2 protein chains.
Amino acid sequence: MERMNLGKLSSAVDAAAGHSPVYETVVNFTRELGTTVTLARWERADCCDSMVESGGIGWVLSGTVRKSVILESGQRRIVDLMMRGDFFSLQGDDPRAFSFEVSTDEAVTARIAHRDLISMPILQPELYRFVHERTCETISRLENHILVQGRTRSAQKIASYLSLLCARLSEEQGAAVELPMSRYDIADHVGLAVETVSRAITDLRRRGLIELETPRSMAICQAQKLLADLT
Amino acid sequence: MERMNLGKLSSAVDAAAGHSPVYETVVNFTRELGTTVTLARWERADCCDSMVESGGIGWVLSGTVRKSVILESGQRRIVDLMMRGDFFSLQGDDPRAFSFEVSTDEAVTARIAHRDLISMPILQPELYRFVHERTCETISRLENHILVQGRTRSAQKIASYLSLLCARLSEEQGAAVELPMSRYDIADHVGLAVETVSRAITDLRRRGLIELETPRSMAICQAQKLLADLT
DNA sequence: CGCCAGTTTGACAGCCATCAATGGGGGTGG
DNA sequence: CCACCCCCATTGATGGCTGTCAAACTGGCG
């Protein structure tokens, strides 16, 4: 892990190719925070658990971070996947003992410690409002994932999951996207076995609904059919 | 739906038997809001969609409200279950078109409209902080449900779901609780068929892990075994 | 009494988790 | 440079679990 200051933020932001309007507001928000914010640069497979200690709230400026937990059975479950612009809550006293890991080559995160969050509504009401807005967005993200996991058939789960993922990764329809996670990660995220994930993806490819340049590079060919077809 | 004022709040709160410390803070929060808050009393099967129009944030003071959506296939999915003290976000422009329904004989809800939420950090910073705190609690609730849904076996899903539900409904271990939803609701919430839910519950009962006075009244006998036993 | 919604149980086909094996790609060390 | 290893992805075979269809049972209500 490497500490960063706001001056170095630009290079990190430039690395996050294909900016979106929402992402711009997150970057501006980060700059306006001044010394209240703590930036950090991480590398692949880094464990970001140290972020949690101070409590408060965190977000991703570039790269992908996953929030996971190991069950008593030894199984890993990925609860959430945070990409550039996504916020997540940091609760040090959480008995569920989540851990955070970087799944891309590099990731830049930001956070506000709990003690600073406390004084924000008085000192920076405008910015605190933004925090609330993004926190509600986090709720939407989790609700969407509950809908994905609620699907009964594996093909449905994978189809709706990939649709959602591509929509978050790229604004343009049908463009090839680099999947930020392995088949194992997808399996642990949607609640399926790796083999079932692989089979479902192969099935979608054979039916011409998606295309795979490499196992990690995917393009959705028929977006609406991908979701509708699978009763 | 019947509008309420803060004066009538006491009777509604008294109806929510077995107060918890957290719930008390929510009630106090509601009182302190004064005219900013909008209270409403609902009856069984009422649709609370009118709450969403003004945006902002809502919470439950008594009873149970479920947040659901009908998929293209006609299936219903219950995304979240809100009980006394639970907050939820209201987004009128949400394309996912969630609807809210009361699943108990009676329910009392409160809400703050978006326009009032906007001015809160300046006018009532202390209370706005509380909103943020409860919103983070909502995130925890959804994360927990993602963990439940992620279980692969039906018995695991039901066991962990019932454990979670009972923990939210009653502070005392092993006490009988009135389930706030039908088997159909449970099925649509955890992503199983009704028959599978029924079989899983019967199975847990036969093994002596839970007891059923009536189909709706349940007591957990061996809490830790209920979760650990099922690899 | 009859109706209805909710719950439970049975039978069975189909899907998925598991075990097993193969192939590919990137890294390291000889 | 090549061999080797490890991780990832894919495919096959199989048993068990779950969704589906069907039927019986319960309690409440008019």
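Proteins get letters first, then strands, A, B, ... in listed order; numbering begins at 1 in each. Treat the numbers as computed from the prediction; the structure is a model and nothing was measured.
- Residues B:V194 and A:S182 both approach DNA chain D. Their nearest nucleotides, taken by heavy-atom distance, put A:S182 toward the 5′ side.
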Q: Evaluate the salt bridge (charged side-chain N to carboxylate O under 4.0 Å, His left out) criterion for residues A:D203 and A:R207: first the C-alpha distance (whole Å), next the side-chain angles of each, then the deciding distance (0.1 Å), finally the verdict.
A: CA-CA 6 Å; A:D203 189 50; A:R207 295 214 258 150; 3.6 Å; yes

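- Between C:dT7, D:dT10, D:dT18, one nucleotide has an atom nearer to the side chain of A:T202 than all others, and that is D:dT10.
- For C:dT7, one of the phosphate oxygens OP1 or OP2 lies less than 4.0 angstrom from a side-chain nitrogen or oxygen of B:R216.
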Q: Evaluate side-chain hydrogen bond (donor to acceptor under 3.5 Å, both in side chains) for B:R111 paired with B:S54, printing each intermediate quantity in order.
A: CA-CA 9 Å; B:R111 66 180 163 89; B:S54 60; 2.8 Å; yes

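- The separation between B:K157 atom NZ and C:dA17 atom P is 10 Å, rounded to whole Å.
- When each of B:D80, B:D188, B:D185 is checked for a side-chain hydrogen bond (donor to acceptor under 3.5 Å, both in side chains) with B:R66, only B:D185 meets the rule.
- Side-chain atoms of B:R199 and base atoms of C:dG10 include a donor and an acceptor less than 3.5 Å apart.
- Taking atom CZ of residue A:R151 and atom P of nucleotide D:dG19, one finds them 15 Å apart after rounding to whole Å.
- Ring planes of B:H189 and B:Y161: perpendicular class, angle over 60° (limits at 30 and 60°).
- Side-chain atoms of B:E195 and base atoms of D:dC21 include a donor and an acceptor less than 3.5 Å apart.
- Between B:L212 atom CG and D:dC25 atom P there is a gap of 20 Å when expressed in whole angstrom units.
- The separation between A:D203 atom CG and D:dT11 atom P is 11 Å, rounded to whole Å.
- What you find for A:L61 and A:A110 is that their closest heavy atoms are CD1-CB, 4.0 Å.
- Residue A:I201 is classed as having no contact, given no heavy-atom separation below 4.0 Å to the nucleic acid.
- Regarding A:I158, its CD1 atom lies at a distance of 14 Å from the C1' atom of C:dC15, rounded to whole Å.
- By the 6.0 Å and 45° rule, A:K67 stacks over the aromatic ring of A:F98.
- Here the side chain of A:R153 is nearest to one of C:dG6, C:dC16, D:dT10, namely C:dC16.
- Atom pair B:L192:CG and C:dC15:P shows a separation of 17 Å (rounding to whole Å applied).
- Proximity note for A:A193 (side chain, C-beta onward) versus C:dA17, D:dA9, C:dT9: the nearest is C:dA17.
- For B:Y184, counting side-chain heavy atoms from C-beta on, the closest listed nucleotide (C:dG6, D:dA9, C:dC16) is C:dG6.
- In the set C:dG6, D:dT18, C:dC16, the nucleotide with an atom closest to the side chain of B:T196 is D:dT18.
- If you measure from atom CG of A:D188 to atom P of D:dC7, you get 15 Å, rounded to the nearest angstrom.
- Remark: B:S154 is in phosphate contact with D:dT18, judged by side-chain N or O atoms under 4.0 Å from OP1 or OP2.
- Across the protein-nucleic acid pair, A:R76 atom CZ and D:dC7 atom P stand 13 Å apart, rounded to whole Å.
- B:S198 comes within contact range of at least one nucleobase, with a heavy-atom separation under 4.0 Å.
- Among the protein residues, A:R44 comes within range of no part of the nucleic acid, since none of its heavy atoms lies under 4.0 Å from any strand.
- Phosphate proximity of C:dT9 to B:R206: present, with a side-chain N or O under 4.0 Å from OP1 or OP2.
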